[in-house]
Amino acid sequence: MATKASTTTISRIFFAITFPTAIVLGVFFLGGKYIEAHPKNPVNISVQGETKIAEEPDIAKITLGVQTGRKESSKEAIRTLEQTMSGILITVQSLDVKEADIQTSGFSLYPAYDWEDGEQIPRGYEASQNLTIIVRNPGDVGDVISSAVESGANNVSDISFLKEDLGSLRDQARRESINKAKAQAQRLADELGMSVGRMTGYSEDILSSSESAYGKGGYGGVGGGVSEALAIPAGEQEFTVRVFITYELK
């Protein structure tokens, strides 16, 4: 009997010790798994790089045209327009402007009316046509405009100066901006006693501006001709590329 009682007592003592211990160990195990599944959020930094590049433009675009004014019939309006535009094209191409660089950018034919005592009175037809001309040598813009006006153009509505190979300028500015952003990230990581990890975000802004003496609006209607000594500054074509990069620190 004593032996059986002793065995029972020992079993109770063992259970009383091991059960709480198992609970505590289980709590630590589950807690460890929770921490393992939810690591600490990494430190992120965001940096910016900006580069401006200014180049002289190598082409110019001119928009000019003819307005016939009122003609008695649509046929007369179109005939007048065709004759005038033909003279302009011959003159412009004689200045080494290629046919492929001349494009019609607007054409219209519409009836003209007057109002008398509240009544609409037909007054014939008017026609107009605009050309967009690419001049490969910006220094020739003044000559092209003067010659076109002498040949019958009576409206110059837009002059702009551009860099034809925009892609190479953008790529150059982007590379420089990225290098600046990387250097900034490295400096910041060093100050924090950390190192730059993987990139987690990237975006960029590209701004373009052309600084010149003339822009949209140009000369508007041209009446008494244009001086042969017409000077039109080309200015500069400017690009600004900003990049925004996010890195993890480790």
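No experiment lies behind these values; they were computed from the predicted model shown.
Screening residues 65-80 for side-chain hydrogen bond (donor to acceptor under 3.5 Å, both in side chains) gives R70-D114 as the qualifying pairs, with residues at least two apart or on separate chains. Legend: side-chain hydrogen bond (donor to acceptor under 3.5 Å, both in side chains) pairs involving residues 90-104, not counting sequence neighbours, sorted by first then second residue: T91-S151, D101-R136, T104-Q129.
Distance check: Y202 OH to F244 CZ gives 10.0 Å after rounding to the nearest 0.5 Å. One finds the CG atom of N44 at 12.5 Å from the CE atom of M199 (value rounded to the nearest 0.5 Å).
When all heavy atoms of L95 and S147 are compared, the closest pair comes out as CD1-OG, 3.7 Å. Minimum interatomic distance between L109 and I78 (heavy atoms only, all atoms of both residues): CD2-CD1, 3.7 Å. In this structure, A181 and V243 approach most closely via the heavy-atom pair CB-CG2, 4.1 Å. Heavy atoms only, all atoms of each residue included: G197 and Y247 are closest at O-CD2, 3.8 Å. Closest approach of I88 and G152 over heavy atoms only: CD1-C, 4.0 Å. The minimum heavy-atom distance between I102 and V97, with the atom names listed, is CG1-CG1, 3.9 Å.
In this structure S46 satisfies the side chain to side chain donor-acceptor pair (under 3.5 Å) test together with T246, sequence neighbours excluded. Annotation: side chain to side chain donor-acceptor pair (under 3.5 Å) contacts of S108 (sequence neighbours excluded): S128.
Residues Q184 and R187 are in side-chain contact: their nearest non-hydrogen atoms beyond the backbone lie under 4.5 Å apart. Inter-residue side-chain proximity for I159 and F161 is flagged as met; some heavy-atom pair is nearer than 4.5 Å. The side-chain heavy atoms of L89 and L131, taken from C-beta on, include a pair separated by under 4.5 Å. Side-chain contact between V149 and N154 is absent, with no heavy-atom pair separated by less than 4.5 Å. Using a 4.5 Å heavy-atom cutoff, the side chains of I62 and V135 are in contact. The shortest distance between side-chain heavy atoms of I206 and T240 does not fall below 4.5 Å. Contact check for V66 versus N155: no side-chain heavy atoms found under the 4.5 Å cut-off. Using a 4.5 Å heavy-atom threshold, the side chains of L249 and L192 count as touching.
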For residues 167-175, tabulate all N or O donor-acceptor pairs below 3.5 Å that involve a side-chain atom, not counting sequence neighbours.
{"residue": "S168", "atom": "OG", "partner": "D165", "partner atom": "O", "Å": "3.2"}
{"residue": "S168", "atom": "OG", "partner": "D165", "partner atom": "OD2", "Å": "3.1"}
{"residue": "D171", "atom": "OD1", "partner": "R174", "partner atom": "NH1", "Å": "2.9"}
{"residue": "R174", "atom": "NE", "partner": "E204", "partner atom": "OE1", "Å": "2.9"}
{"residue": "R174", "atom": "NE", "partner": "E204", "partner atom": "OE2", "Å": "3.4"}
{"residue": "R174", "atom": "NH2", "partner": "E204", "partner atom": "OE2", "Å": "3.0"}

Result block: side-chain N/O donor-acceptor pairs under 3.5 angstrom for residues 49-61, not counting sequence neighbours:
{"residue": "E50", "atom": "OE1", "partner": "R242", "partner atom": "NE", "Å": "2.6"}
{"residue": "T51", "atom": "OG1", "partner": "S177", "partner atom": "N", "Å": "3.3"}
{"residue": "T51", "atom": "OG1", "partner": "S177", "partner atom": "OG", "Å": "3.0"}
{"residue": "T51", "atom": "OG1", "partner": "K180", "partner atom": "NZ", "Å": "3.4"}
{"residue": "D58", "atom": "OD1", "partner": "E164", "partner atom": "N", "Å": "2.8"}

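Listed for the N137 side chain is a donor-acceptor partner under 3.5 Å among the backbone atoms of G139.
By the 6.0 Å contact criterion, CD on Q120 is enclosed, its count of non-hydrogen atoms from other residues, nucleotides or ligands being greater than 12.
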Assess the residue pair L64 and N130 against the criterion (side-chain contact (heavy atoms from CB on, under 4.5 Å)); give the C-alpha distance rounded to whole Å, side-chain angles, the decisive distance to 0.1 Å, and a yes or no. CA-CA 5 Å; L64 54 81; N130 288 330; over 6 Å; no
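M85 and Y110 are members of different hydrophobic clusters when ILVMFWY side chains are connected at heavy-atom separations under 4.5 Å.
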